[in-house]
Amino acid sequence: MIGGMVGEIVFVNKFYNGLQSDLNQVAKSIEANEEHVNNDQTVALCSALVKKWEKGKRTLLTLQNHNTVRNLDDKIVSLQYVVQSDNYNDAVIFVYSAINYIDDVLLDSMPYLSNLL
């Protein structure tokens, strides 16, 4: 049982850290292309991000709270559509909202002694 719990923690942390790294790349691309967010580079980064998310989402739904996964799903899907609509302000809001949300999820996914007592 402890091995399964450790495996879950490792998978969740590794997946979310990778996703956050991808989101940071999207954020840099959005900020570098403020006048035209709907460019080939940003769209490609968003598509790769969504593919990665869709691949791991089903596993996360079995390991985590469904509301946590659905909230992040909304942010990622919305980010993709906002980028495609060439809306800089909303793209910045959604990308940083997703990055901050992952920070919060990662803080909650690690068991701390204060949480166990």
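None of these values were measured; they are calculated from a predicted model.
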Those residues that, when tested against Asn17, pass side-chain hydrogen bond (donor to acceptor under 3.5 Å, both in side chains) (two or more places apart) | none
Do Leu49 and Leu79 have side-chain heavy atoms sitting under 4.5 Å apart?
-> yes
Those residues at least two apart in sequence (or on a different chain) that pass side-chain hydrogen bond (donor to acceptor under 3.5 Å, both in side chains) with Asn65 are none
Examine Val83 and Ile93 and state if one hydrophobic cluster contains both, with Ile, Leu, Val, Met, Phe, Trp and Tyr joined whenever side-chain heavy atoms are less than 4.5 Å apart.
-> no
Take Thr42 and Leu45, measure what side chain to side chain contact (heavy atoms under 4.5 Å, CB included) needs, and give me the verdict at the end.
-> CA-CA 5 Å; Thr42 308; Leu45 288 170; 5.6 Å; no
Identify, with sequence neighbours excluded, every residue that meets side-chain hydrogen bond (donor to acceptor under 3.5 Å, both in side chains) alongside Glu54.
-> Lys57
Roughly how far, to the nearest 0.5 Å, is CD of Gln41 from CG of Asn33?
-> 6.0 Å
Checking Asn38 side chain against Ser85 main chain: does a donor-acceptor pair fall under 3.5 Å?
-> no
Below 4.5 Å, heavy atoms only, C-beta onward: do Trp53 and Leu72 meet side chain to side chain?
-> yes
Are Val50 and Ile30 connected in a single hydrophobic cluster, I mean Ile/Leu/Val/Met/Phe/Trp/Tyr linked by side-chain heavy atoms less than 4.5 Å apart?
-> yes
So OH of Tyr16 and CG of Leu60: to nearest 0.5 Å the spacing works out to 4.5 Å
Listed by chain and number, what are the side-chain contact (heavy atoms from CB on, under 4.5 Å) partners of Glu34, not counting sequence neighbours?
-> Tyr88
Just how far is it from atom CG of Leu107 to atom CD1 of Ile102, taken to the nearest 0.5 Å?
-> 12.0 Å
Got a list of side-chain donor-acceptor pairs under 3.5 Å for residues 19-26, not counting sequence neighbours?
from	atom 1	to	atom 2	distance (Å)
Gln20	NE2	Ile99	O	3.0
Gln20	NE2	Asp103	OD1	2.7
Asp22	OD2	Lys52	NZ	3.2
Asn24	ND2	Gln20	O	3.2

Less than 4.5 Å apart, any side-chain heavy atom of Asn87 and any of Val37?
-> no
Output yes when a side-chain donor or acceptor of Tyr101 lies under 3.5 Å from a complementary backbone atom of Lys75, and no otherwise.
-> no
Is the shortest heavy-atom distance from the side chain of Asn13 to the side chain of Ile9 under 4.5 Å?
-> yes
Residues at least two apart in sequence or cross-chain that pass side-chain contact (heavy atoms from CB on, under 4.5 Å) with Tyr81, listed by chain then number, are Val77, Gln84
CG of Asp86 to CD of Glu35, rounded to nearest 0.5 Å, is 9.5 Å
Least distance between heavy atoms, Tyr96 atom then Ala27 atom | OH-CB, 3.7 Å
Say whether, by atom type as modelled, one donor and one acceptor occur between the side chain of Ser97 and the main chain of Phe94 under 3.5 angstrom.
-> no
From SG (Cys46) to CD (Gln80), nearest 0.5 Å | 6.5 Å
Do Asn39 side-chain atoms and His36 backbone N/O form a donor-acceptor pair below 3.5 Å?
-> yes
